[in-house]
Participant: 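I have a structure I would like to understand better, so I am pasting it below and will then ask my questions one at a time.
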Amino acid sequence: MQISEHLKSLLKKCKTLNQTKQIQAQILTNGLNDLLPNFLHHLLQSTSINKTSQISFQYVHQVFDQLPNPDVFTWACTIRYFSQNGQFKDAIPLYIRMHCVGSHPSTYAVAAALKACARISKKILGTLIHTQVFKYGFNFDVYVQTSLVDFYSKLGIMETAQSVFNEMSERNVVSWNSILHGYLKSVELSKARDFFDEIPMKDVVSWNSMISGYAKAGDMGQANCLFEEMPERNSASWNAVISGYADRGNMEEARKLFNEMPQRSNVSWIAMISGYSKCGNVDSARELFDSFREKDLFSWNAMIACYAQNSRPKEALQLFHEMRKPNINKQPDEMTFSCVISACSQLGDLEFGLWIKTYMNRIGVALDDHLATALIDLYAKCGCIDKAYELFHGLKRKDVVAYSAMILGCGINGNALEAIRLFEEMISANIGPNSVTYTGILTAYNHAGLFEEAYRCFSSMSTKHGLMPTSDHYGIMVDLLGRAGKLEEAHRVIKSMPMRPHAGVWGALLLACRVHCNVELGEIAAQHCIELEPDTSGYYSLLANIYVSAERWEDAKRLRKVMEEKKVSKIPGCSWIQ
DNA sequence: CTAGGGTTAG
């Protein structure tokens with residue numbers, strides 16, 4: 001008995017995981033199994049342990065599973081631990097298990113489980129918990145009620161959120177903020193503003209939410225107005241305004257605030273990195289990333305995403321390898337993997353992509369729709385259209401990105417009819433196409449040589465769906481016309497472009513001129529290509545070949561000499577020339 | 001011991 005009390009008091013003093021584990025050993029050798037829950041509670045609640053030594057979630061499971069009969073408190077404590085630390089996929093099964101073994105829930109467990117349901121959109125379970133709330137008489141607990149309001153708000157079910165909110169006899173600022181967030185998320189800005197104005201005891205979170213709502217909607221005037229007006233700011237207030245500017249591509253303003261703010265958080269850095277990424281300023285993103293000392297998983301993901309989205313897949317993979325080195329030792333998650341798979345797909349590296357898939361299996365990362373779509377894209381681009389289909393059919397929800405990946409896959413692999421079928425299926429499912437969808441469908445038409453249909457499709461982009469064709473789309477059209485020998489028309493299309501054509505567009509014309517032996521236009525196209533990408537040798541070679549076919553030996557010789565003088569690299573940088 | 005805001009993906 002005495003030793004038991006002694007160990008309890010020792011446990012309270014433990015500051016590190018190792019000290020705590022030593023007590024666990026003593027508990028076990030003395031056969032004091034009654035003390036095991038105390039050990040677990042200490043593990044989960046000690047801030048010094050959680051901040052420093054990072055116990056693994058696996059370990060918590062292990063310890064928990066050793067308890068013969070967890071009490072109400074222990075269940076709640078453990079479920080809450082997972083929920084608070086973002087391990088929603090651990091919290092939920094544990095909550096279910098608690099019911100299966102016949103243990104009663106507590107308000108604490110319910111609140112934690114609802115939080116998990118809200119965060120990973122477990123609508124059915126959350127609604128089920130709502131019914132239990134009545135059964136156990138928790139329906140007057142302000143924490144439970146607020147969790148419910150938050151749950152329905154996060155899922156966008158505002159009628160129910162509102163009715164739970166109305167039934168509350170006592171509301172605190174958290175309850176108000178939860179419903180405010182719901183209306184902001186449903187982009188009912190004026191309704192949200194009415195709520196905001198009504199909150200009797202606004203705190204910094206209320207202000208931040210409202211500011212972020214305006215910022216996300218692009219109303220930087222209102223956002224700034226509230227930002228100036230608010231009584232006290234924290235880093236989230238600054239971050240809300242910064243990400244507002246960053247999302248709209250105004251990196252000057254974002255940077256000004258970032259430099260000005262008194263206390264930057266991880267979120268500030270990540271918002272800036274992804275802001276630079278969105279406007280294609282990879283160098284500035286990397287510069288910030290390098291100067292950021294306390295990189296967390298999110299910041300690694302943001303930088304990897306930056307490379308993947310800006311067509312620099314090799315650097316994305318390089319960074320992925322970097323983060324897994326022992327001195328950094330960051331465990332990748334779903335977000336990391338979807339970027340990495342996207343990088344593989346850009347490189348056409350099926351082998352490494354499949355290695356990633358096994359690696360995911362090994363560390364227990366399940367395929368969600370995002371990941372499956374990334375893999376669909378990889379399979380489709382690498383010609384494994386059956387595998388792509390398999391995953392496509394297994395998607396919980398097929399959206400525009402998934403369809404676009406399939407359509408492009410069919411297009412590349414020469415199955416234009418199937419691409420068209422998918423496109424039509426998508427339209428009738430009321431999924432609006434985007435610019436990538438059109439790249440896919442135009443590629444399909446191009447491959448099949450259906451230029452009438454392609455033309456119609458190209459013009460319907462803007463008329464039917466309000467999408468402005470990009471250089472890539474023009475490039476496909478030029479390629480299509482070029483293949484059909486309509487070189488003058490292709491040239492006219494280029495000249496009609498509202499933006500500056502990139503090298504790929506002129507390259508498509510150049511290639512066509514090579515095929516159809518057109519020296520005059522070939523010279524014009526090559527000139528533009530070389531101007532845009534002076535280091536690519538392919539353009540010189542193509543023009544030289546055109547001269548050779550036209551039997552203009554002198555010109556060909558002259559060009560080869562220029563090439564030697566410039567010592568241009570042998571690697572073509574353009575996908576049209578291969 | 002509970003609940004709310006700001007960041008990353010195909």
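The chains referred to below are lettered A, B, ... by the order of the sequence lines, with proteins before strands, and numbering in each begins at 1. Every heavy atom of this structure was used, including side-chain atoms; hydrogens, water molecules and symmetry mates were not.
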Participant: Of the candidate nucleotides B:dG6, B:dT8, B:dG10, which contains the atom at the shortest distance from the side chain of A:Ser274?
Facilitator: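 My answer, after comparing the listed nucleotides, is B:dT8.
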Participant: To the nearest angstrom, how far is A:Gln346 atom CD from B:dA9 atom P?
Facilitator: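 One finds 14 Å between P of B:dA9 and CD of A:Gln346, rounded.
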Participant: Looking at the side chain of A:Asp368, which of B:dA9, B:dT8, B:dT2 is the nearest nucleotide?
Facilitator: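 Closest nucleotide to the A:Asp368 side chain: B:dA9.
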Participant: Between A:Glu334 (side chain) and A:Asp368 (backbone), is there a donor-acceptor pair under 3.5 Å?
Facilitator: no
Participant: Give the rounded distance in Å between these two atoms: CH2 of A:Trp75 and P of B:dC1.
Facilitator: 22 Å
Participant: For the ring pair A:Phe227 and A:Trp207, is the centre-to-centre distance below 6.0 Å?
Facilitator: no
Participant: Using the salt bridge (charged side-chain N to carboxylate O under 4.0 Å, His left out) rule, take A:Asp369 and A:Arg397 through it: C-alpha gap first, then chi angles, then the decisive distance, then the call.
Facilitator: CA-CA 7 Å; A:Asp369 276 6; A:Arg397 225 173 52 85; 5.9 Å; no
Participant: Where is the tightest heavy-atom contact between A:Ala374 and A:Ser338, given as atom of each residue plus distance?
Facilitator: CB-O, 3.9 Å
Participant: Base, sugar-phosphate or nothing for A:Arg119? Non-hydrogen atoms, less than 4.0 Å.
Facilitator: sugar-phosphate
Participant: Given atom CD1 of A:Ile199 and atom P of B:dA3, what is their separation to the nearest angstrom?
Facilitator: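 Going from CD1 in A:Ile199 over to P in B:dA3 covers 19 Å.
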Participant: So if I take every side-chain heavy atom of A:Val267 and compare against B:dT2, B:dG6, B:dG10, which nucleotide ends up nearest?
Facilitator: B:dG6
Participant: When the distance from CD of A:Gln263 to C1' of B:dG6 is rounded to whole Å, what number comes out?
Facilitator: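 It is 15 Å, rounded to the nearest whole Å.
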Participant: Any donor-acceptor pair under 3.5 Å between the side chain of A:Ser209 and the base of B:dG6?
Facilitator: no
Participant: Starting the side chain at C-beta, find the nucleotide from B:dG10, B:dG6, B:dA3 nearest to A:Ala236.
Facilitator: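 Nearest to the side-chain atoms of A:Ala236, counting from C-beta on, is B:dG6.
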Participant: Atom CZ of A:Phe337 and atom C1' of B:dG10: how far apart are they, to the nearest Å?
Facilitator: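 Nearest whole value for this atom pair: 15 Å.
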Participant: Can you tell me the distance, in whole Å, between the CZ atom of A:Phe392 and the P atom of B:dG10?
Facilitator: 18 Å
